[in-house]
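Note that this is a predicted model, so its numbers are computed, not measured. Counting starts at 1 for both ligands and their atoms, in listed order.
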Amino acid sequence: MSAPPISHFDDPSASAATVSPDRVRAEFLHAWNGYKQYAWGHDALKPLSKTYSDWNQAPLLITPIDAFDTIILMGLTAEAAEAKDLILSRLDFDLDMEVQHFETAIRILGGLIAAQQLDGDTRFLELAIDLADRMLPVFDSNTGMPYRFVNLKTHRTRCRFTNPAEIGTNILEYGTLSRLTGDPKYFNAAKRAMVSLYRRRSRIGLVGTMIDVETGGWLVKDSHVGGRIDSYYEYLLKGAILFDDPELWAMWHDTIAAVNAHVADEASGGLWYGHVNMKTGKRRATVFGALYAFFPAVLALGGDLDRAARLEDSCYKMWRLYGTAPEQLDYKAMKVVLGSYQLRPEVIESAYYLYHYTSDEKYRRMGATFFNSLVERCKTDAGFAALADVRTGVKTDAMESYFLAEVMKYFYLLFAPPQAFDFDKAVFNTEAHPIWKKSRG
Ligand code: DMJ
């Protein structure tokens, strides 16, 4: 396959000035209006067939909930009112329906908590509490690590084989609910799961990719910073920051040292994070990808600007290979392993963090490259579409809700004046929903 016949988006001299907050807002509105026209009241827009998809038997309004705080941050008053009215008039969790706990927690629970904090309407919090109480039984396993699925009405749980991301990406949402309600049960369940996972790390301090929540035994011992582990690292650090929890701080420091010692790799003239055996540290694969590109943001937030900047340079190189980041790349051979681009936000999130910490315009130039290529390659009549393969540019009929929650929010914040959002007063959950460090009353 050859590179796509597009030239301007891979121009390293691309000017950051080509992207303004107004341009980002306009593209956000294009996607939002597509959702409104073709998918209103459903979970997600299908941007090619101009229809909708729902995750389960009944819609849970995933796109408007995920998009709501971006709408508010962008100052879109009319859209905020219509989204709020939709959510508060239609959302009801009293359904005999099974949901995937992780995705529901990061998108819906996180979205509702941020909505309450930004909008002030306590009905968002009531919905969040109702949802959390329905999902809390996932943590009732022998080890305290959560099952993957739960029925919202019967509370029946299912699927004991899971991964560190699904186990360890709960403390920001559940911990904040404990703060807001005064009931410690949410924080305690999420923390117990994290500690239980951490205790099962290998002697060299790494976790694997799949674990049994009933026995605590590892099923897949591949260790990396990609999907199925990724946001566990993120929540060790952000949980430590948000709750100033000494145990989480110790777990974070121990874990990041192990990851830097064993998973980091120098190849192709740059820093990457590949795959190793969690017990021996032996390199298993030189694979990195679009999901892994959240890691510069985490390194920067953890104070390691040197590694963060070097890894973001590698991410940029990965993006420029075909004008969009592939899902997986062999960084040693510089060959695509998995060619899809699922409208992922991670590399943009990392550019925003690095711009925040360094004020180096280079990160806005990178952001302009990402933005221009995304608009050029993924925009459709009705919204934005994922790519089946970055090498061909062929689109697929999906616009994940995180496109509005994360991609557009991080672009907006990257190009907006710093005073548009007080970075140091909040932590973003893994779906980019901001959570205040201290309750604003
Ligand atoms: C989002 O749902 C979250 O960022 C999650 O942590 C990882 N996957 C997607 C975005 O790629």
Side-chain angles (χ1 to χ4, degrees), residues 31 43-45 53 55 60-70 99-114 146 148 162-174 190 194 207 209 224-239 273 288-299 301 315 318-319 324-329 338-353 370 374 378 384-387 390 396 398-411 413 427-435:
D43 284 341
L45 169 71
S53 62
W55 285 28
L60 289 176
L61 307 178
I62 295 172
T63 291
I65 295 170
D66 241 5
F68 186 65
D69 53 23
T70 308
V99 296
Q100 188 186 348
H101 174 247
F102 167 77
E103 295 291 354
T104 310
I106 66 171
R107 300 188 199 213
I108 303 185
L109 198 53
L112 290 171
I113 291 169
R148 294 188 69 217
T162 185
N163 55 72
E166 297 198 36
I167 294 164
T169 312
N170 301 296
I171 197 142
L172 299 189
E173 298 81 6
Y174 283 92
M194 264 181 137
V207 294
T209 304
H224 49 85
V225 303
R228 295 193 283 169
I229 305 183
D230 47 6
S231 45
Y232 164 58
Y233 303 127
E234 181 183 346
Y235 273 39
L236 282 175
L237 175 60
K238 291 181 174 176
Y273 285 75
F288 189 85
L291 267 173
Y292 304 52
F294 80 105
F295 212 58
V298 170
L299 289 165
L301 184 66
C315 294
M318 172 172 76
W319 183 284
T324 322
E327 188 68 5
Q328 290 197 343
L329 173 81
L338 272 178
S340 63
Y341 172 61
Q342 297 169 31
L343 292 176
R344 295 210 184 274
E346 286 76 7
V347 70
I348 305 150
E349 171 184 9
S350 288
Y352 168 56
Y353 274 66
F370 303 147
L374 215 143
C378 302
F384 286 79
L387 301 180
V390 298
T396 62
M399 186 180 86
E400 281 272 1
S401 64
Y402 56 70
F403 181 74
L404 297 179
E406 297 195 67
V407 172
M408 285 297 169
K409 185 182 289 131
Y410 287 129
F411 272 136
L413 295 177
V427 291
F428 290 96
N429 91 334
T430 194
E431 192 78 0
H433 297 304
I435 297 180

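In this structure, the side chain of D230 does not engage the main chain of V225 through any donor-acceptor pair within 3.5 Å. The backbone N or O of T430 lies less than 3.5 Å from a partner atom in the side chain of Y235, making a donor-acceptor pair. Proximity of a side-chain donor or acceptor of K409 to a complementary backbone N or O of A432 within less than 3.5 Å is detected.
There is a side-chain donor-acceptor pair under 3.5 Å between H433 and D66.
Considering Y341, W319, F411, Y410 in turn, W319 is the only one that fulfils the ring-ring contact (aromatic ring centres under 6.0 Å, His included) rule with F370. Of the candidates R107, Q342, R344, E400 forms a side-chain hydrogen bond (donor to acceptor under 3.5 Å, both in side chains) with just one, namely R107.
In this structure, ligand 1 sits under 4.0 Å from heavy atoms belonging to I106, R107, L291, R344, P345, E346, Y402, E406, T430, E431.
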